[in-house]
Amino acid sequence: MVSADKLALKLLAAALYNRGGCAYIYLIYNTYYCFNIASSVKGDPQGVLIRAAEPLDHHTIPVVSQHDKRKKYHYYTNGPGKLCRALAIDINLNNVDLTTSDLIYLEDAPEVNQAEIIATKRVNIDYAGPDKD
């Protein structure tokens, strides 16, 4: 017999087994949602974790807490949990087809210039030992 918790996790993870372009949303630390995009063919569980976003000039992101006016909007979207909170991404969007949905979707855009991509170390993962870097 499968417990209700294990069944719920199995149903959530099923989104990762969907075809590429579908959202896979899950809760970590029982507090933060993470937004992933399935990135392979149906049955092959591969995905990309969306870790952060920088709003475009002509877009605004309504932020729940703006207690520090010195912080730029991208501060509120510079981590997977913050990004989901700022964009109201939660479990209700799990398994949504991002190529056809009106709620959340992927948009065509010009290729990003490599010089515009910023790569940094992950922080606060000292528990990973030598793999933290």
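From a predicted model like this one, the values you see are computed outputs, not experimental measurements. Counting begins at 1 with the first residue of the sequence.
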List the atom pairs, with distances to 0.1 Å, where a side-chain N or O of residues 38-47 and a protein N or O form a donor-acceptor pair under 3.5 Å, not counting sequence neighbours.
from: Ser39; atom 1: OG; to: Gln46; atom 2: O; distance (Å): 3.4
from: Ser40; atom 1: OG; to: Asp44; atom 2: OD2; distance (Å): 2.7
from: Asp44; atom 1: OD1; to: Gln46; atom 2: NE2; distance (Å): 3.4
from: Asp44; atom 1: OD2; to: Gln46; atom 2: NE2; distance (Å): 2.8

Least distance between heavy atoms, Ala52 atom then Gly79 atom: CB-N, 4.2 Å
Validation row: Ile37, Cys22 side chains within 4.5 angstrom (heavy atoms): no
Results of side chain to side chain donor-acceptor pair (under 3.5 Å) for Asn36 - residues two or more places apart only: none
Euclidean distance, Leu98 CG relative to Leu103 CG, rounded to 0.5 Å: 10.0 Å
Side chain to side chain donor-acceptor pair (under 3.5 Å) involving Asp102 - partner list, sequence neighbours excluded: none
pair Leu83-Ile50: side-chain heavy atoms closer than 4.5 Å: yes
Sequence neighbours excluded - salt bridge (Lys or Arg N to Asp or Glu O under 4.0 Å) pairs with any residue from residues 17-26: Arg19-Asp97
Tyr24/Tyr26 aromatic ring centres below 6.0 Å: yes
Counterpart residues, side chain to side chain contact (heavy atoms under 4.5 Å, CB included), relative to Asn113 (two or more places apart): Ala115, Glu116
Atom pair OG (Ser101) and CG (Leu93), whose distance is rounded to the nearest 0.5 Å: 7.0 Å
Which residues share a side chain to side chain contact (heavy atoms under 4.5 Å, CB included) with Tyr105, sequence neighbours left out: Glu107
Verdict with supporting geometry, Tyr32 and Arg85, side chain to side chain contact (heavy atoms under 4.5 Å, CB included): CA-CA 8 Å; Tyr32 304 106; Arg85 196 170 37 239; 3.6 Å; yes
Sole residue of Leu87, Asp90, Ile104 in side chain to side chain contact (heavy atoms under 4.5 Å, CB included) with Phe35: Ile104
